[in-house]
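Structure first, then comments.
Atoms considered below: every heavy atom in the structure, side chains included; atoms not considered: hydrogens, waters and symmetry mates. Everything numeric in this text was worked out from a predicted model, so none of it was measured.
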Amino acid sequence: MKRLLMGQLKAWKNKKNRKPLLIRGARQVGKTWLMKEFGRQNFEKVVYISFDNNERMKSVFEMDFDIPRIISALKVESGVKIESQNTLLIFDEIQEVPKALTCLKYFCENAPEYAIICAGSLLGVALHEGTSFPVGKVDFLNLYPMSFREFLLAAGEDELAEFLNQQDYEMISIFSDKYADLLRKYYYVGGMPEVVSTWLETDDMYEVRNIQQELLSYYANDFSKHAPTETVPRIQMVWNSIPMQLTKENKKFIFGMVREGARAKDFELAIQWLLDCGLIQKGYRVSKPGLPLIAYMEMNTFKLYFLDVGLLTAMCELDARTLLEGNRIFTEFKGALTEQFVAQELAASGISLYYYSTENSSGEIDFVVQAGGRIIPIEVKAEENLQAKSLRSYCQKYKPEIAVRTSMSKYREQDWMVNVPLYALTAYLENIQKK
C-alpha cells in the first residue's frame, strides 16, 4: 500500500518545533499500518504501545506526568531501548487512557525531543465525554479511506496516478476508458485498506463484499459498545437513512426520512457521534458563495455522506455486475454514488464540504470549495450528461473566475466553465491551491 499522507508525516518529522502528532480517522482506515510503516521507513527503532485493554499502561499514566519515569516504563513494556534521536513512540487507541492524552502536553513542553505519534478511532467521542485535551500542544493529521489515486497506486497503476498528479490531460484523455473502468471498480471496492487488499489478492468481488459486510457489522457493534445506550437506536436510524437521503434529487438531510415526525433535536447527538467516529462526513449549505465560506454556512441545513463509497454500495446491496456493466439499477443510483465519491475525495484532500442552493432549494450546486483564494462551484454529473443548467445560472449571477463541471467526459475548457473528469478533480483543485 502507498498512502499519500506519508509525505506529510515525513514533513512533521523534520519540523523545527515538532509537537506530538495525533492521527484521527475511523476504525479500519489504516492508521496503525501507516504509523508502523512510517516508523519502519524513517527511524532506527519503533516503540508501539496499544492502550486498548492495557491495564499496565493505564496505571503508568495514572500516577503522574514525570517523563523520565514514563520513558522507563515504555522501555520495559516494549523491550526497546528508547533514544530520543532515533526512536519513534507510537501510542495507539490513545483515547482508552485519557491521562496519556493529557500527558502529551508535558512531552511537548518538557521533552520535545521525543517523536510521538498517536491515533484514536474514537478520539472525538472521548473528547465530547470530557477527556482533558492538550490544546495547542499537539499537531493533527486526518486519515481517510484510500483515495482514488491511492487506489491506482495500490493496483500498480503508478503511471495513471502520475498523469493525474501532473495534470497531463492529453495522456489522461488517451487512457480515459481505463480510468473510467477503474473508477467503476473503485465505486464497488471503495478505499478501505483491507477491502482493497482483498480485491488485489483475490480479484473476487464476492469476497470483497464479504469483507465490506464484516466492516459494517463491526461499526454496528461499535454503536452498541461505545455509544450511550439511549442514543444507539437513533445512531442506527441515521446510519441506515443515509443511502435514502443521497438518492433524493435534493440531497439535503431530512429528519422526517429517519423517522416520521422527527425533529433535529431528536437526532443531533446521534449525528454528532457518527461524526466524532469519522463514519460520516457533513456538507453544509451556504447562503452566499462568499469568502470565507464558513461565514455563510447554515448549521441546520446540511447533507451527510458515508466515509466510503464501497461501504455505501455494500449497504445498498449493489452487486458488481450492476456497477461494472452499468445496467438500469446503477443508472438510477449512480448520481448518489458519484456525489459520495466526490465528497470523500474532497475530504481526503483536506477540502471542507459545502454546497449552495437558493432559498427554495432549486438551482443547487453540488459543491462549492475554497481554493487559491477563490470560491469554485462544482457541478457533479455521473456519466457524460453535459447539461449544466444550475451551474450556468450560478455563473450568470455570481460570475466566478473558475467554474467546474465534473463528469466522465474528457477535460476541456469552455468560455464560462471547465469540464474536469471525475477521477482528475482533486488533482485539478490541488493545482489551483498551489497557484
Closest heavy-atom contact between [X] and [Y]?
| X | Y | result |
| --- | --- | --- |
| Asp66 | Asp64 | N-OD1, 3.0 Å |
| Gly278 | Ala26 | O-CB, 3.6 Å |
| Cys118 | Ile116 | SG-CG2, 3.8 Å |
| Tyr296 | Pro292 | CD1-O, 3.4 Å |
| Ala270 | Val238 | CB-CG2, 4.1 Å |
| Cys108 | Lys19 | SG-CG, 4.0 Å |

Can you check side chain to side chain contact (heavy atoms under 4.5 Å, CB included) on Ile82 and Tyr114, steps first, answer last? CA-CA 9 Å; Ile82 298 173; Tyr114 289 99; 3.9 Å; yes
So, does [X] use its side chain to make a donor-acceptor pair with the main chain of [Y] at under 3.5 Å?
| X | Y | answer |
| --- | --- | --- |
| Asp366 | Val380 | yes |
| Glu150 | Ser147 | yes |
| Gln433 | Gly372 | yes |
| Gln344 | Val309 | yes |
| Glu77 | Ile49 | no |
| Arg69 | Val60 | yes |
| Arg374 | Pro400 | no |
| Ser78 | Leu74 | yes |

Can you establish whether the number of heavy atoms outside [X] located under 6.0 Å from its atom [atom1] is more than 12?
| X | atom1 | result |
| --- | --- | --- |
| Lys45 | NZ | yes |
| Phe140 | CZ | yes |
| Leu291 | CG | yes |
| Asn14 | CG | yes |
| Glu260 | CD | no |
| Asn221 | CG | yes |
| Lys282 | NZ | yes |

Determine whether [X] and [Y] make a side-chain contact, defined as any pair of heavy atoms from C-beta on separated by less than 4.5 Å.
| X | Y | value |
| --- | --- | --- |
| Val258 | Gln245 | yes |
| Lys36 | Val46 | no |
| Thr32 | Tyr48 | yes |
| Ser349 | Arg149 | yes |
| Ser241 | Phe253 | yes |
| Ile70 | Cys103 | yes |
| Tyr428 | Ile378 | no |
| Lys137 | Leu104 | no |

Could you tell me if Lys252 sits above the aromatic ring of Tyr355, with its cationic atom closer than 6.0 Å to the ring centre and no more than 45 degrees from the axis?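 Lys252 over Tyr355 ring: no.
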Atom [atom1] in [X], atom [atom2] in [Y]: separation rounded to 0.5 Å?
| X | Y | atom1 | atom2 | answer |
| --- | --- | --- | --- | --- |
| Leu5 | Leu141 | CG | CG | 5.0 Å |
| Ser121 | Arg27 | OG | CZ | 5.0 Å |
| Ile432 | Ile402 | CD1 | CD1 | 4.0 Å |
| Ile242 | Leu312 | CD1 | CG | 9.0 Å |
| Glu230 | Leu269 | CD | CG | 8.5 Å |
| Ile254 | Lys248 | CD1 | NZ | 5.0 Å |

Whether [X] and [Y] hold their rings parallel, tilted or perpendicular, with breakpoints at 30° and 60°:
| X | Y | value |
| --- | --- | --- |
| Phe148 | Phe341 | perpendicular |
| Phe175 | Phe163 | parallel |
| Tyr106 | Phe65 | parallel |

Could you walk me through whether Leu22 and Ile94 pass the side chain to side chain contact (heavy atoms under 4.5 Å, CB included) check? CA-CA 9 Å; Leu22 270 175; Ile94 192 172; 4.1 Å; yes
Side chain to side chain contact (heavy atoms under 4.5 Å, CB included) between Arg24 and Leu143: does it pass, once the steps are laid out? CA-CA 6 Å; Arg24 298 176 293 194; Leu143 184 65; over 6 Å; no
With sequence neighbours excluded, what pairs up with Asp52 under the salt bridge (Lys or Arg N to Asp or Glu O under 4.0 Å) test?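 Applying salt bridge (Lys or Arg N to Asp or Glu O under 4.0 Å) to Asp52 gives none.
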Can you see whether [X] engages [Y] through a side-chain donor-acceptor pair at a distance of less than 3.5 angstrom?
| X | Y | answer |
| --- | --- | --- |
| Tyr305 | Glu339 | yes |
| Glu214 | Gln212 | no |
| Glu268 | Gln272 | no |

Only one of Lys15, Gln8, Arg18 forms a side chain to side chain donor-acceptor pair (under 3.5 Å) with Asp139, so which one is it?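 Single pass found, and it is Lys15.
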What about the rings of [X] and [Y], do their centers lie closer together than 6.0 Å?
| X | Y | result |
| --- | --- | --- |
| Phe61 | Phe51 | yes |
| Trp273 | Phe223 | yes |
| Tyr356 | Tyr354 | no |

Does this structure show an ion pair linking Glu379 with Arg405, if we count only N-O contacts that are shorter than 4.0 Å?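 Salt bridge absent between Glu379 and Arg405.
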Quick test of your reading of the model: are Arg40 and Glu37 salt-bridged, counting only N-O distances below 4.0 Å?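 Salt bridge between Arg40 and Glu37, a charged N being under 4.0 Å from a carboxylate O: yes.
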Apply salt bridge (charged side-chain N to carboxylate O under 4.0 Å, His left out) to the pair Glu44 and Lys81, showing each step before the final yes or no. CA-CA 11 Å; Glu44 292 180 24; Lys81 183 180 179 181; over 6 Å; no
Take Glu159 and Lys178 through the salt bridge (charged side-chain N to carboxylate O under 4.0 Å, His left out) test and state the conclusion after the steps. CA-CA 12 Å; Glu159 292 82 4; Lys178 191 161 189 177; over 6 Å; no
Contacts of Glu113 that satisfy side chain to side chain contact (heavy atoms under 4.5 Å, CB included) - sequence neighbours left out: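 For Glu113 the side chain to side chain contact (heavy atoms under 4.5 Å, CB included) partners, ignoring immediate neighbours, are Ser84, Ala111.
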